[in-house]
Amino acid sequence: MNEQNIFIVRCGEVALKGMNKPYFERMLAERIRKNLSEFEGTEVQRHEGLIYVRADKKFEKEKLIRQISRVFGVASISPAVEAESDLDAIGEEAVKYMKELIETKGIKTFKVEAKRADKNFPVKSPDIARIIGAKVLIGCKVLKVDVHNPDVHLFVDLRHDKSYIYQQKIAGFGGLPLGTNGKGMVLLSGGIDSPVAAWMMAKRGMLIEAVHFHSYPYTSQRAQEKVEELARIVASYCGNFKMHVINLLPVQEQIVQHCPEEETTILVRRFMMRIAEKIAEKNKAMMLITGENLGQVASQTAEALVVTDASVSMPVMRPLIAMDKVDIMEKAEEIGTFETSILPYEDCCTVFLPKHPTTKPKLERIEASESRLDVEGLVSAAVDSEEIVFIRQN
Ligand code: ATP
Ligand code: MG
């Protein structure tokens, strides 16, 4: 019967979306389908608020689970077996299921947890649990019931057309399906923070596109390859995306030549924002996203953030703003970007680093410095010089 592996996928917050629920569920199923496209013939179906994935047994279960769990909007996944909605059939499958667990995991105790989604089924949940428990005890002589601390919770989900047996609930990341919340342009460096920021916004359903600045030949080709690798890891969650790569050196040279040294960092940041905003507008992104964090470095004091913000009119999302560095690092480890982020390559920000950057910039003074530059010309030249790299998920 089970030529296929079956996975029950539970929708997280999607389930709370009221009138829009079918739309969110449809988007979620579509995303799961997309993420499983390499597993040929896999079926993804929505049914009674759940999503069922059926894949050929030849595909590795763990790989499928990993791919499903990376889809935002997935609350949890249970590898399951299917049975006819009839107590004898469920009992038979439950015995087979437990025998396998005895063999592979050496389990000794269990407890049945039954749920009757089909309220017309003539037997109530506690009785279903008792009946199936008795069948398992008869079929698997080595097993005992332990209601307090069982080795296995055997879940029986009795539904109208089919029933399901499973024991695990593997947590997903939650969030909302990609594409349900517009598009954002992330300023992606090679550091720890910005990949996490991109991931967090994508988790809320936002499609991602990226801008990366380098200062070639001061920064190396290897530094860019590192960013591309980071982007590919981000893409494994949020799908393939475009990365706009820009050489910031002409801007940095003008700033260094014409403006006070201590203002270099904040001036460079304002140019980055302006260039990113232009690229966002051209590509229909509605927000900018950065990995900035209050107080982390000189360019991220409250004053500096205010002056940075004043350079653009597009909203700037800073999802890490109030997180501690250790927590951001932990998140980076969890999503798999940390190891790549800490590889030691230079970033364009570090190329012309002033010895004593201003930590409390004043907008009027910064604007006065910028009046010595052809801001618009520099921005549009930078935008025109963009190279586009297509980032495909690993
Ligand atoms: P990160 O770890 O993300 O590099 P950071 O702590 O090093 O951040 P900054 O270098 O001040 O902080 O950069 C703050 C934010 O500006 C980054 O999170 C990123 O969004 C953006 N940014 C910095 N450098 C670049 C770059 N070379 N290309 C694109 N965006 C950048
Ligand atoms: Mg950085």
Side-chain angles (χ1 to χ4, degrees), residues 1-12 14 25 27-47 50-83 92-107 110 151-157 162-175 177-178 195 199 202-203 229-241 331-340 391-394:
M1 170 179 184
N2 288 301
E3 290 305 310
Q4 291 173 311
N5 276 319
I6 300 173
F7 304 90
I8 302 175
V9 181
R10 294 174 199 83
C11 319
V14 172
E25 284 179 1
M27 291 294 275
L28 183 59
E30 212 168 280
R31 284 289 160 194
I32 295 173
R33 219 168 273 134
K34 235 183 202 163
N35 244 29
L36 296 179
S37 57
E38 64 177 293
F39 304 94
E40 227 173 283
T42 300
E43 293 164 27
V44 179
Q45 285 158 337
R46 291 162 48 211
H47 190 58
L50 293 174
I51 292 174
Y52 295 87
V53 175
R54 291 180 165 78
D56 197 306
K57 275 228 159 130
K58 71 179 179 204
F59 298 125
E60 214 179 297
K61 236 177 175 176
E62 280 63 39
K63 235 173 145 185
L64 280 154
I65 292 171
R66 200 182 79 116
Q67 284 301 95
I68 301 170
S69 71
R70 286 185 168 221
V71 176
F72 295 130
V74 169
S76 67
I77 307 158
S78 295
V81 293
E82 199 172 51
E92 218 172 278
E93 284 301 328
V95 169
K96 255 200 261 169
Y97 187 81
M98 295 306 269
K99 276 189 172 156
E100 200 177 320
L101 286 178
I102 294 167
E103 219 168 90
T104 55
K105 302 261 162 64
I107 60 152
F110 75 108
D151 293 341
V152 164
H153 286 266
L154 181 68
F155 293 97
V156 173
D157 186 2
K162 293 273 185 213
S163 293
Y164 298 87
I165 296 165
Y166 58 89
Q167 52 130 353
Q168 281 172 299
K169 282 186 189 171
I170 302 157
F173 288 108
L178 279 170
W199 185 91
K203 178 169 174 263
E229 176 55 25
L230 272 177
R232 279 194 289 275
I233 301 170
V234 173
S236 69
Y237 297 93
C238 68
N240 302 342
F241 62 84
K331 197 78 212 166
E333 295 228 29
E334 187 189 351
I335 67 175
T337 51
F338 187 76
E339 291 299 317
T340 308
I391 304 294
R392 297 186 197 290
Q393 63 189 89
N394 276 336

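This is a predicted model, so every value here is computed, not measured.
Here CD1 of Ile335 is found 8.5 Å from CD1 of Ile233. Values are rounded to the nearest 0.5 Å. Note that CZ of Arg66 is 13.5 Å distant from CD1 of Ile170, once rounded to the nearest 0.5 Å. The CD atom of Gln393 sits 6.5 Å away from atom CD of Gln67, with the distance rounded to the nearest 0.5 Å. Here OG1 of Thr42 is found 11.5 Å from CD1 of Ile32. Values are rounded to the nearest 0.5 Å. A distance of 7.0 Å separates CZ of Phe173 from CZ of Arg70, quoted to the nearest 0.5 Å. Arg54 contributes atom CZ, which lies 4.5 Å from atom CD1 of Ile6 (distance to the nearest 0.5 angstrom).
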Would you check, one step at a time, whether the test side-chain contact (heavy atoms from CB on, under 4.5 Å) holds for Tyr52 with Glu82? CA-CA 11 Å; Tyr52 295 87; Glu82 199 172 51; 5.9 Å; no
Checking Val71 against Lys34 for the side-chain contact (heavy atoms from CB on, under 4.5 Å) test, could you report, in this order, the C-alpha distance in whole Å, the side-chain angles of both residues, the deciding distance, and whether it holds? CA-CA 10 Å; Val71 176; Lys34 235 183 202 163; over 6 Å; no
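Each of Lys169, Gln167, Arg10 was checked for a side chain to side chain donor-acceptor pair (under 3.5 Å) with Ser78, and the lone residue meeting it is Arg10.
Closest approach of Gly239 to Leu178, counting heavy atoms only: N-CD1, 4.4 Å. Shortest non-hydrogen contact noted between Ala75 and Cys11 is CB-C, 3.9 Å. Ile65 approaches Pro79 most closely through the heavy-atom pair CD1-CG, 3.9 Å. The minimum heavy-atom distance linking Asn35 with Ser236 is given by the pair ND2-O, 4.2 Å.
In this structure, Gln168 and Ser76 have side chains that are not in contact, with every pair of non-hydrogen atoms separated by 4.5 Å or more. The closest side-chain heavy-atom distance from Phe72 to Arg31 is not below 4.5 Å. The shortest side-chain heavy-atom distance between Val234 and Phe241 falls under the 4.5 Å cut-off. Put simply, the side chain of Arg46 does not reach to within 4.5 Å of the side chain of Leu28, judged on heavy atoms. Using a 4.5 Å heavy-atom threshold, the side chains of Ile77 and Ser69 count as touching. Two residues are said to be in side-chain contact when any heavy atoms from C-beta on lie closer than 4.5 Å; Tyr164 and Val81 fail this criterion. Inter-residue side-chain proximity for Tyr166 and Phe7 is flagged as unmet; no heavy-atom pair is nearer than 4.5 Å.
Using a distance-only test at 3.5 Å, with no hydrogens or angles considered, a donor-acceptor pair links the side chain of Arg33 to the main chain of Val44. Between the side chain of Tyr237 and the backbone N or O of Lys203 there is no donor-acceptor pair closer than 3.5 Å.
Atom CD of Glu100 is surrounded by 12 or fewer heavy atoms from other residues, nucleotides or ligands within 6.0 Å.
Ring geometry for Phe59 against Phe39 counts as perpendicular: the plane angle is over 60°, on a 0 to 90° scale with 30° as the lower cut.
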